[in-house]
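Have a look at the structure below, then the notes.
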There are 2 protein chains.
Amino acid sequence: MNIKQLRYVFEIANNGFNISLAAESLFTTQPGVSTQLKLLEDELGTSIFIRHGKRVTGLTEAGERVLAYAGEVLLNVSSIRNIGLEYSKEDRGTLSIATTHTQARYALPKTVSEFAKRFPRVRLRIHQGNPSQICEMVVRGEADFVIATESIADYEQLLMLPVYRWNRCVVAPPDHPILAEQPLTLETIADYPIITYDFAFAGRSVINKAFNLAGIKPNIVLTAIDSDVIKHYVELGMGVGLLAHMAFDEHKDQNLRAADVSHLFDYSTTSIGVRRGRYLRRYMYDFIEMFAPNYKREAIAGKLRPGSSIPVFEEENLPLR
Amino acid sequence: MNIKQLRYVFEIANNGFNISLAAESLFTTQPGVSTQLKLLEDELGTSIFIRHGKRVTGLTEAGERVLAYAGEVLLNVSSIRNIGLEYSKEDRGTLSIATTHTQARYALPKTVSEFAKRFPRVRLRIHQGNPSQICEMVVRGEADFVIATESIADYEQLLMLPVYRWNRCVVAPPDHPILAEQPLTLETIADYPIITYDFAFAGRSVINKAFNLAGIKPNIVLTAIDSDVIKHYVELGMGVGLLAHMAFDEHKDQNLRAADVSHLFDYSTTSIGVRRGRYLRRYMYDFIEMFAPNYKREAIAGKLRPGSSIPVFEEENLPLR
DNA sequence: GATAGTTACGGTAGTCGTAACTATC
DNA sequence: GATAGTTACGACTACCGTAACTATC
């Protein structure tokens with residue numbers, strides 16, 4: 001058994017059980033992957049993948065278990081590599097953040113540019129996706145952090161640090177009648193066509209919950225994954241926008257007006273998530289601290305160590321944005 | 001980087017930073033270990049061990065971290081091997097129990113012989129040592145289980161399952177005056193020379209605590225790691241024995257009489273401990289269930305998975321022995 | 001001078017890519 | 001017939017053990 005074989009297994013499973021694809025993403029040839037897989041299966045005395053004739057189609061029961069441990073090995077190996085880099089090339093490296101559009105566009109820029117100034121030799125990478133996609137990127141080790149809102153408490157392998165809470169506002173063109181309604185109620189909002197986030201996304205479920213509880217069926221005419229897209233369609237007059245407070249900027253969005261609706265919806269919490277059991281470079285801790293000043297290096301390091309208990313973080317006293 | 005190199009690092013650290021010794025315990029040659037270590041250090045770009053000239057004397061800061069992750073890798077690799085065995089040689093394997101003399105001699109025989117009958121092709125191995133030794137054997141992966149009393153809550157890497165509670169009795173030759181004293185008090189016991197367990201051991205601290213609280217200084221004339229040794233010296237008239245209830249057998253110990261002293265000392269809890277993040281063979285779960293029927297396979301498996309929270313087990317309703 | 005570790009060297013074995021072959025859809 | 005996977009083969013590389021050398025205690 002060797003690390004390469006475990007990586008091959010991992011990659012085959014993450015490429016739809018297609019050995020040729022896996023080989024490509026491993027920058028090697030298909031027969032090589034095939035042979036190494038066979039060697040590993042022979043050594044273990046049991047097959048890892050289910051085969052229909054020659055085609056690989058899924059994991060055996062043993063394979064599922066092997067895959068889980070193989071993933072851990074790869075994670076640990078990458079941690080060791082990172083330790084090497086930490087002590088040999090202190091100021092160089094990569095920081096890979098997986099996040100949603102809203103965070104990338106409205107919450108992160110300040111921290112990211114500060115970080116880039118402080119660590120000019122660290123390459124930054126921002127990946128976008130929906131909450132489950134970005135979480136899985138971190139679980140698989142393809143990204144260092146995930147920054148997203150809710151729905152991410154489900155990943156046992158992620159350590160989630162709540163950072164701030166936020167709520168929503170209604171946006172509309174300056175002359176829109178909804179802006180005259182005081183105070184805004186769910187009923188009023190439901191009178192108009194609504195444009196808001198896609199269901200898979202950032203706090204959308206909170207919106208649904210509020211309307212459901214009130215027994216109101218809102219008229220959602222358009223959903224998007226992206227605050228800018230929502231705002232654009234609101235400008236075109238397609239309806240009123242319902243979006244995160246931070247996504248509205250009085251100066252930039254001069255064609256729109258916003259009205260706070262914090263009283264109508266639950267607050268959502270945005271968290272930063274890291275893979276448990278992973279070694280984090282010092283600059284990664286610094287990034288966390290820049291984004292969420294209440295999380296100090298040592299506190300997180302302790303929680304990340306394998307075998308440490310799942311901490312429950314206070315969500316009450318988080319800053320609002 | 002490869003698994004072998006990580007194993008070498010691990011073994012060097014566990015052999016007092018002596019490369020020659022490590023090579024021996026790895027069944028290979030010293031130059032081989034030396035070379036591979038150098039290769040790994042070169043690849044990581046940082047040294048793992050502190051060197052005085054050519055002598056290796058300790059771990060660098062980076063090395064400490066590397067070692068921790070290397071240990072995880074080796075654990076995961078052995079888990080994968082075990083999965084292979086589980087699915088290819090279901091009924092064959094090894095079960096390695098690290099425990100104290102008292103457990104091995106008085107608590108385990110019934111379970112062990114039952115187990116041997118049910119799994120005739122599983123090789124059994126019982127290691128003895130003091131609580132910290134045997135815990136570390138499990139942490140290092142040299143044993144599958146540790147069965148011991150207290151002082152083992154400190155190992156974050158071990159999942160401890162409390163199994164039963166027990167207390168102590170005083171033993172003495174049949175004509176000894178202490179047997180006439182009713183009821184027995186700490187003061188009375190302290191009037192006689194006492195023979196009991198070594199300090200490193202099984203519930204010895206509970207004994208100290210009781211005397212300390214009462215402000216009494218007991219006259220402990222002899223300590224041993226072994227109930228049989230204690231009983232032997234009691235038979236010789238050197239003093240009264242203070243030992244675990246289960247270590248006294250009315251039929252076999254006909255030269256001695258026992259008096260219960262549960263009212264004088266706190267109960268001690270004996271637990272079975274397994275390394276977190278390790279894959280356990282089915283027969284291992286069966287062993288646990290035979291020794292502690294309230295622990296079912298699925299419950300433990302869930303707790304063992306990496307990243308799962310540290311469970312707190314009830315100690316209140318445990319059986320007494 | 002005994003113990004511990006590194007460097008040098010050669011035979012062996014494992015690895016990887018190309019090519020040919022086979023099976024599935 | 002196109003896609004997916006295995007087997008075969010040869011060049012190359014890595015590995016391991018012996019031996020010689022060097023440093024520490």
Side-chain angles (χ1 to χ4, degrees), chain A residues 1-60 63 66-67 70 73-74 77 80-81 84, chain B residues 1-60 63 66-67 70 73-74 77 80-81 84:
Chain A
M1 188 189 322
N2 58 48
I3 294 170
K4 189 177 38 188
Q5 291 167 343
L6 299 179
R7 174 162 293 125
Y8 285 7
V9 168
F10 187 82
E11 213 57 31
I12 294 171
N14 279 304
N15 280 279
F17 305 106
N18 182 321
I19 296 186
S20 307
L21 259 182
E24 204 172 316
S25 81
L26 288 161
F27 303 104
T28 183
T29 60
Q30 178 271 319
V33 175
S34 203
T35 311
Q36 289 301 320
L37 172 61
K38 194 169 177 345
L39 282 173
L40 178 60
E41 289 186 325
D42 286 351
E43 180 178 342
L44 295 181
T46 182
S47 50
I48 294 171
F49 294 102
I50 299 171
R51 287 177 174 76
H52 285 304
K54 285 191 172 179
R55 302 281 165 117
V56 174
T57 58
L59 287 161
T60 62
V66 169
L67 179 64
V73 169
L74 299 178
V77 166
I80 292 174
R81 291 228 163 81
Chain B
M1 188 188 324
N2 57 49
I3 294 170
K4 191 178 37 190
Q5 291 168 343
L6 300 179
R7 174 163 293 122
Y8 286 6
V9 168
F10 186 82
E11 213 58 30
I12 293 170
N14 279 303
N15 280 279
F17 305 106
N18 182 321
I19 296 187
S20 307
L21 260 183
E24 205 172 315
S25 81
L26 288 161
F27 303 104
T28 182
T29 61
Q30 179 271 319
V33 176
S34 204
T35 311
Q36 289 300 320
L37 172 61
K38 195 170 177 343
L39 281 174
L40 179 59
E41 290 186 325
D42 286 350
E43 180 178 342
L44 294 182
T46 183
S47 50
I48 294 170
F49 294 104
I50 298 170
R51 287 177 174 76
H52 286 304
K54 284 191 173 179
R55 301 280 164 117
V56 174
T57 58
L59 287 162
T60 62
V66 169
L67 180 64
V73 169
L74 299 178
V77 166
I80 292 174
R81 290 228 163 79

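In what follows, chains carry the letters A, B, and so on, assigned in the order in which the sequence lines appear, proteins first and then strands, with residues in each chain numbered from 1.
Side-chain nitrogen and oxygen atoms of B:Asn18 include at least one within less than 4.0 Å of the OP1 or OP2 phosphate oxygen of C:dG5. For A:Asn2, a side-chain nitrogen or oxygen approaches OP1 or OP2 of C:dT15 to under 4.0 Å. Applying the 4.0 Å criterion to OP1 and OP2 of C:dG5, one finds that B:Ser20 has a side-chain N or O inside that range. Contact check, A:Thr28 against C:dG17: a side-chain N or O comes under 4.0 Å of OP1 or OP2. A:Gln30 has no side-chain polar atom (N or O) that falls below the 4.0 Å cut-off from OP1 or OP2 of D:dT3. At least one side-chain nitrogen or oxygen of B:Lys4 sits closer than 4.0 Å to the OP1 or OP2 atom of D:dC16. Not one side-chain nitrogen or oxygen of B:Thr35 sits closer than 4.0 Å to the OP1 or OP2 atom of D:dC16.
What you find for B:Thr46 and A:Gly84 is that their closest heavy atoms are CG2-CA, 3.9 Å. Scanning both residues, A:Leu21 and A:Asn18, for their nearest heavy atoms gives N-OD1, 2.9 Å. The minimum heavy-atom distance between B:Ala22 and B:Asn15, with the atom names listed, is CA-ND2, 3.8 Å.
For the pair B:Val73/B:Arg7, no side-chain contact is recorded, criterion being any heavy-atom separation below 4.5 Å from C-beta on. Residues A:Ile19 and A:Phe49 form no side-chain contact, since every pair of their non-hydrogen atoms from C-beta on lies 4.5 Å or further apart. With contacts defined as side-chain heavy-atom distances shorter than 4.5 Å, the pair B:Leu67/B:Ile48 does not qualify.
Taking only side-chain atoms of A:Pro31, from C-beta outward, the nucleotide of D:dG5, D:dA19, D:dT7 with the closest atom is D:dT7. Taking every side-chain heavy atom of A:Gln36 into account, C:dT15 is the closest of D:dC16, C:dG17, C:dT15.
Rounded to an integer number of Å, the gap from B:Arg7 CZ to D:dC16 P is 12 Å. The distance from atom CD1 of B:Ile3 to atom P of D:dC15 is 13 Å, rounded to the nearest whole Å. The distance from atom CG of B:Leu40 to atom C1' of D:dC15 is 16 Å, rounded to the nearest whole Å. Atom pair B:Lys54:NZ and D:dA23:P shows a separation of 6 Å (rounding to whole Å applied). One atom, CD of B:Gln5, and another, P of D:dA14, lie 12 Å apart when rounded to the nearest Å. Rounded to whole Å, the distance from CG on B:Leu39 to C1' on C:dT7 is 13 Å. Rounded to an integer number of Å, the gap from A:Asn15 CG to D:dA4 C1' is 14 Å. Between the P atom of C:dG5 and the CD atom of B:Glu41 lies a distance of 13 Å, rounded to the nearest Å.
Nucleotide C:dG5 has D:dC21 as its partner under the Watson-Crick or G-U criteria, with both atom distances under 3.5 Å. Across all strands shown, C:dT12 forms a Watson-Crick or G-U wobble pair with D:dA14, both key distances being under 3.5 Å.
When each of A:Lys38 and A:Arg55 is assigned the nucleotide of DNA chain D with its nearest heavy atom, A:Arg55 is the one assigned upstream, toward the 5' end. Of the two residues contacting DNA chain C, namely A:His52 and A:Phe27, the nearest-nucleotide position lying further toward the 5' end is that of A:Phe27.
Backbone-only engagement by A:Gly53 is indicated by non-hydrogen atom pairs under 4.0 Å involving sugar-phosphate atoms exclusively. The residue A:Phe17 sits close only to the backbone: its heavy atoms come under 4.0 Å of sugar-phosphate atoms, none of a base.
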